[in-house]
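Below is one structure; the comments refer to it alone.
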Amino acid sequence: MRWSTYFIPTLREDPADAEVISHKLLMRAGMIRQLAAGIYSYLPIAQRSILKIANIIREEQNSIGGQEFFLPALNPAEIWQESGRWGLMGPNMFRIKDRKGADFCLGMTHEEVMTDIARHELRSYKQLPQVWYQIQTKFRDEARPKSGLLRVRQFTMKDAYSFDIDQAGLDKSFEDQRRAYCRTFTRCGLEYVIVEADSGAMGGSASNEFMVYTDAGEDLVASCPLCNYAANLEKATSRLTPVDDGADDPVIEKFATPGVKTIDDLVGFPGGAPADRQIKTLIYAAVSEKGRESRTMPLLALLRGDHALNDAKLANAVARQLNRDGWEVVNVRPAHPEEIFELLGANAGSLGAVGVTGKLILIDEALHGRQNMTTGANEDGAHLRGVSIERDIRPTAWVDLRSVAEGEICPSCGEGALRVAKALEVGHIFKLGTKYSVSMNAKVLNSEGREIPLIMGCYGIGVERILAAAIELNHDDAGIIFPLSIAPFHVVVSPLNTRDAEVRAVAERISTELEQAGVEVLHDDRDERAGVKLNDADLIGIPLQVRIGPRKLKEGSVELYDRATRISVDLPADAVVEAILERMSRYNKGVPTEA
RNA sequence: CGGGGCGUAGCACAGUCUGGCUAGUGCGCUCGGUUUGGGACCGAGAGGUCGGGGGUUCGAAUCCCUCCGCCCCGACCA
């Protein structure tokens with residue numbers, strides 16, 4: 001490919017509205033341009049990388065028996081209504097009407113379409129298992145698109161679905177995918193970690209996310225440096241060191257606490273208590289919907305005074321309590337001050353659950369067995385001490401509600417101090433079970449002739465996120481450093497002085513020979529100064545570069561430059577093709593084919 | 001949806017507070033010349049509904065109203 005006629009509009013300066021590194025470099029390298037918030041055009045070299053990533057994904061899916069489909073992005077409302085997600089997806093789903101006024105949406109994912117095919121075509125356990133996937137554009141009307149390609153409204157996703165007759169089959173399909181994901185991300189040059197993840201309100205059991213550690217990520221991952229425990233903060237747990245509560249079975253005593261509004265206030269208040277001897281009482285409101293009906297229910301969430309509530313854990317716990325009789329919890333939000341006063345007769349700062357009955361009370365497991373605690377008295381300016389939890393509080397359910405904190409002890413090995421770091425989700429696999437097969441009536445006959453719902457798994461990979469993550473992980477002050485496997489080209493051939501006929505001729509010859517050997521070459525035949533060519537080549541991150549200058553060429557040599565190390569070696573001009581092939585094969589051998 | 005910021009040439013920005021010459025600067029682009037191993041130099045040019053609409057004024061990029069778009073923080077994110 002000749003650079004002079006190829007479209008790579010590089011920029012010298014960072015665009016004003018780019019914040020994260022991958023966004024700046026994708027723009028500067030001439031890979032993407034923005035069309036609207038969270039909507040990007042992929043220019044030629046980005047498209048080349050994306051096709052390579054997609055192809056690696058495809059090869060690994062095919063290797064575990066996956067069969068590629070291409071499904072409609074445009075979906076009729078009916079199938080989403082059937083699965084119950086037409087309402088659940090809320091404003092995150094793009095919705096349109098056709099000319100007759102019928103409702104359609106743009107697919108955010110394809111459980112519904114796949115399940116629809118499965119229920120029409122799969123009849124017998126003999127046809128199972130099936131692993132179906134596609135690589136398609138997905139649409140999500142994100143409330144806040146951001147960070148270049150990391151959080152967008154239109155993106156490419158590989159989504160796979162497995163259909164099995166039983167749990168053992170699902171376990172195998174899941175494990176196949178897990179291994180295929182490991183190989184996929186490794187081949188793309190990403191360092192990743194597999195974490196335990198929240199499977200969300202959508203149900204399902206096992207759930208693993210594939211995360212890349214980067215500050216550009218939006219998730220938090222807790223991991224143990226001593227064992228292989230790693231979990232999304234929405235799921236992570238830890239072991240706590242016991243707190244000494246002092247005297248057994250004390251009596252409850254009310255005491256005046258004028259002006260005390262927070263846990264901290266009470267720590268410093270005479271006769272108060274340390275934070276880990278207090279009960280934090282938070283009031284939330286759960287909004288549920290059933291068809292067009294909507295109702296709001298207040299609830300109490302109780303935690304140890306120094307512990308932080310995890311919103312995702314609370315939302316899941318509330319859904320488990322309230323999702324029944326067709327009601328679906330759609331939002332769990334902090335209660336408004338008026339709602340709090342109406343519920344407990346006091347204002348935030350003096351709230352507690354002692355003596356509260358007939359309300360939904362969720363209590364964090366870390367409070368098990370605790371006594372002689374201090375909490376609000378449901379009377380402004382007053383608190384209670386000597387509260388023994390099992391004796392004095394009647395919770396609806398004990399649940400895990402708190403976020404683990406850095407430094408707490410690993411729940412798996414019991415020794416390591418957990419670390420918490422930002423990470424980007426590039427893949428997510430989980431066991432769906434029968435949620436969609438039941439709601440959409442996708443059944444097959446088992447070996448006993450009985451009709452049973454298909455057991456499903458679903459497995460997603462964000463294609464552009466792999467590209468962006470690769471850049472977040474591999475760059476320097478000169479630009480992108482692409483892994484060979486997903487680089488737009490393998491080699492840039494740079495004649496450094498295009499006025500020199502000999503330099504031009506050698507560049508032509510080397511480019512042609514490389515192409516004939518199957519190497520993807522970008523021949524920088526532009527009439528530019530050497531500095532421009534070298535800087536552009538570094539910026540777009542092509543792994544290898546052949547630099548041909550008049551001085552060294554007089555002695556018969558050219559330079560082979562390695563983008564990652566920025567080291568170049570002089571080689572005889574007629575030895576460079578072989579040297580490149582050797583380096584490329586060494587790289588390819590370095591990539592494991594088994595996880 | 002709440003809070004903050006921004007919108008002037010392809011890109012990055014100045015000018016706006018305090019209304020007034022022909023709306024500037026750098027990069028990029030075109031032409032001519034010189035130059036040629038880490039984003040060259042000289043000269044000459046092209047390129048603008050100052051985000052849209054409305055208003056105030058003798059006069060609006062600048063002041064007022066309104067709408068739109070984009071970025072950041074938060075909420076949200078099967």
Side-chain angles (χ1 to χ4, degrees), chain A residues 9-20 23-24 27-28 30 33-39 80 83-93 107-112 138 140-148 150-153 157 159 197-204 207 209 218-219 232 234 287 311-312 315-316 319 328-334 425 428 430 432 435-436 439 456 458-460 462 477-479 494-500 503-504 524 526-539 545-554 558-559 561 566 568 570:
Chain A
T10 59
L11 302 173
R12 290 195 183 196
E13 294 175 273
D14 284 335
D17 51 11
E19 197 86 356
V20 302
H23 187 193
K24 289 179 183 174
M27 289 290 297
R28 286 191 53 209
R33 287 296 183 264
Q34 188 182 63
L35 183 62
I39 303 176
W80 290 78
S83 72
R85 296 207 295 179
W86 181 259
L88 204 65
M89 290 302 191
N92 274 349
M93 188 152 72
M108 308 174 65
T109 171
H110 282 76
E111 281 82 358
E112 282 79 1
K138 299 288 189 285
R140 296 185 185 180
D141 194 359
E142 289 287 345
R144 188 146 97 79
K146 56 186 265 199
S147 305
L150 294 182
R151 188 168 196 76
V152 291
R153 298 196 288 173
M157 179 169 156
D159 49 323
D198 175 25
S199 43
M202 293 311 293
S207 170
E209 284 168 334
E218 296 182 282
D219 287 287
N232 194 307
E234 296 178 347
V287 183
D311 293 341
N316 287 337
E328 195 108 41
V329 175
V330 295
N331 188 21
V332 179
R333 58 164 171 81
E425 179 186 351
H428 195 164
F430 69 95
L432 272 177
K435 179 181 170 67
Y436 294 89
S439 63
M456 295 173 57
C458 79
Y459 318 93
D477 55 2
S494 304
L496 296 177
N497 185 333
T498 43
R499 303 293 166 88
D500 185 313
V503 166
R504 267 189 283 130
D524 193 354
R526 296 176 298 169
D527 183 19
E528 288 287 355
R529 298 173 67 82
V532 172
K533 294 188 177 194
L534 297 176
N535 280 310
D536 272 349
D538 279 352
L539 176 61
Q545 195 179 14
V546 180
R547 299 174 166 180
I548 305 161
R551 275 203 303 276
K552 286 183 179 170
L553 192 58
K554 290 273 185 300
V558 299
E559 276 172 51
Y561 167 87
R566 308 196 74 172
S568 52
D570 292 347

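The chains referred to below are lettered A, B, ... by the order of the sequence lines, with proteins before strands, and numbering in each begins at 1.
- Checking side-chain atoms of A/Lys533 against main-chain N and O of A/Pro495 turns up a donor-acceptor pair under 3.5 Å.
- Environment of CZ in A/Arg551: sparse, with no more than 12 heavy atoms of neighbouring residues, nucleotides or ligands closer than 6.0 Å.
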### Query
When you look at A/Leu534 and A/Gln545, which way does the side-chain contact (heavy atoms from CB on, under 4.5 Å) test go after all the steps?
CA-CA 9 Å; A/Leu534 297 176; A/Gln545 195 179 14; 3.8 Å; yes
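- Using a cut-off of 4.0 Å between Lys/Arg side-chain N and Asp/Glu carboxylate O, A/Arg566 and A/Asp477 are scored as salt-bridged.
- When each of A/Glu19 and A/Arg140 is assigned the nucleotide of RNA chain B bearing its nearest heavy atom, the one mapping closer to the 5' terminus is A/Glu19.
- Evaluation of the salt bridge (charged side-chain N to carboxylate O under 4.0 Å, His left out) rule for A/Glu234 yields no partner, not counting sequence neighbours.
- Two residues are said to be in side-chain contact when any heavy atoms from C-beta on lie closer than 4.5 Å; A/Asp17 and A/Met27 fail this criterion.
- Using atom P as the reference point in both B/A78 and B/G15, the two lie 43 Å apart (nearest Å).
- The residue among A/Ala18 and A/Asp14 whose nearest nucleotide of RNA chain B is located toward the 5' end is A/Asp14.
- Listed by chain and residue number, A/Arg85 satisfy the salt bridge (charged side-chain N to carboxylate O under 4.0 Å, His left out) test with A/Glu112 (two or more places apart in sequence, or in another chain).
- As rounded to whole Å, 12 Å separates atom P of B/C71 from atom NZ of A/Lys146.
- Side-chain atoms of A/Arg33 and A/Pro9, non-hydrogen and from C-beta on, do get closer than 4.5 Å to each other.
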If you restrict it to nitrogen or oxygen atoms, what contacts under 3.5 Å exist between nucleotides 67-70 of chain B and the protein, and what is each distance?
unit_1: B/C70; atom_1: OP1; unit_2: A/Ala37; atom_2: N; d: 2.7

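- Taking atom CD on A/Glu13 and atom C1' on B/A9, their separation rounds to 14 Å, with Å as the unit.
- For the P atoms, the distance linking B/U49 with B/C6 amounts to 23 Å, nearest Å.
- Regarding A/Lys24, its NZ atom lies at a distance of 13 Å from the C1' atom of B/C72, rounded to whole Å.
- A/Lys146 places no side-chain N or O within donor-acceptor distance of the main-chain N or O of A/Glu19, the cut-off being under 3.5 Å.
- For the pair A/Arg144 CZ and B/G5 P, the interatomic distance rounds to 16 Å; values are reported in whole Å.
- When the P atom is used for both B/A23 and B/A60, the distance is 13 Å, rounded to whole Å.
- Judged by distance alone, the side chain of A/Arg153 and the main-chain N or O of A/Ala37 form a donor-acceptor pair under 3.5 Å.
- In terms of phosphate contacts, A/Lys435 brings no side-chain nitrogen or oxygen within less than 4.0 Å of OP1 or OP2 of B/A78.
- Pairing partner, B/U18: none, since no Watson-Crick or wobble contact has both distances short of 3.5 Å.
- For A/Asp14, there are no side-chain hydrogen bond (donor to acceptor under 3.5 Å, both in side chains) partners at least two apart in sequence or on another chain.
- Across B/A61 and B/G45, the matching C1' atoms stand 26 Å from one another, rounded to whole Å.
- Using P as the reference atom, B/C63 and B/A14 are 15 Å apart when rounded to the nearest Å.
- One atom, CZ of A/Arg333, and another, P of B/C76, lie 12 Å apart when rounded to the nearest Å.
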Grab the N/O contacts between the protein and nucleotides 43-47 of chain B below 3.5 Å, and write none if there aren't any.
none

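- Scanning both residues, A/Met157 and A/Thr109, for their nearest heavy atoms gives CE-OG1, 4.5 Å.
- For the C1' atoms, the distance from B/G10 to B/G28 is 7 Å, rounded to whole Å.
- When the C1' atom of B/C1 is taken as reference, atom CD of A/Glu142 falls 15 Å away, rounded to whole Å.
- Base pairing annotation: B/G2 forms a Watson-Crick or G-U wobble pair with B/C73, both donor-acceptor distances under 3.5 Å.
- Remark: P of B/C11 and CE of A/Met27 are 9 Å apart, rounded to the nearest angstrom.
- When both pairing distances are held under 3.5 Å, B/C29 makes a Watson-Crick or G-U pair with B/G45.
- For B/C13, the paired nucleotide is B/G24, the pair qualifying as Watson-Crick or G-U wobble because both relevant distances are below 3.5 Å.
- Rounded to a whole angstrom, the distance from the P atom of B/U25 to that of B/A44 is 13 Å.
- For the pair A/Met93 CE and B/C76 C1', the interatomic distance rounds to 16 Å; values are reported in whole Å.
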Any protein N or O atoms within reach of nucleotides 29-39 of chain B? Criterion: under 3.5 Å, listing atom names and distances.
unit_1: B/U35; atom_1: O2; unit_2: A/Arg529; atom_2: NH1; d: 2.8
unit_1: B/U35; atom_1: O4; unit_2: A/Arg499; atom_2: NH1; d: 3.3
unit_1: B/U35; atom_1: O4; unit_2: A/Arg499; atom_2: NH2; d: 3.0
unit_1: B/U36; atom_1: O2'; unit_2: A/Asn497; atom_2: ND2; d: 2.4
unit_1: B/U36; atom_1: O4; unit_2: A/Arg499; atom_2: NE; d: 3.0
unit_1: B/U36; atom_1: O4; unit_2: A/Arg499; atom_2: NH1; d: 2.0
unit_1: B/U36; atom_1: O4; unit_2: A/Arg499; atom_2: NH2; d: 2.8
unit_1: B/G37; atom_1: O6; unit_2: A/Gly549; atom_2: N; d: 3.2
unit_1: B/G37; atom_1: N1; unit_2: A/Glu559; atom_2: OE2; d: 2.6
unit_1: B/G37; atom_1: N2; unit_2: A/Glu559; atom_2: OE1; d: 3.0
unit_1: B/G37; atom_1: N2; unit_2: A/Glu559; atom_2: OE2; d: 2.6
unit_1: B/G38; atom_1: O6; unit_2: A/Arg547; atom_2: NH1; d: 2.7
unit_1: B/G38; atom_1: O6; unit_2: A/Arg547; atom_2: NH2; d: 2.6
unit_1: B/G38; atom_1: N1; unit_2: A/Asp538; atom_2: OD2; d: 3.1
unit_1: B/G38; atom_1: N2; unit_2: A/Asn535; atom_2: OD1; d: 3.0
unit_1: B/G38; atom_1: N2; unit_2: A/Asp538; atom_2: OD2; d: 2.7
unit_1: B/G39; atom_1: O4'; unit_2: A/Asn535; atom_2: ND2; d: 3.2
unit_1: B/G39; atom_1: O2'; unit_2: A/Arg12; atom_2: NH1; d: 2.5
unit_1: B/G39; atom_1: O2'; unit_2: A/Arg12; atom_2: NH2; d: 3.4
unit_1: B/G39; atom_1: O6; unit_2: A/Arg28; atom_2: NH2; d: 3.4
unit_1: B/G39; atom_1: N1; unit_2: A/Asp536; atom_2: OD1; d: 3.0
unit_1: B/G39; atom_1: N2; unit_2: A/Asp536; atom_2: OD1; d: 3.0
unit_1: B/G39; atom_1: N2; unit_2: A/Asp536; atom_2: OD2; d: 3.3

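- For A/Asp524 and A/Ser494, the side-chain atoms include no donor-acceptor pair closer than 3.5 Å.
- Distance check on atom P: B/U16 versus B/G4 gives 23 Å, rounded to whole Å.
- Pairing of B/U62, defined by two Watson-Crick or G-U wobble distances under 3.5 Å, is not identified with any nucleotide.
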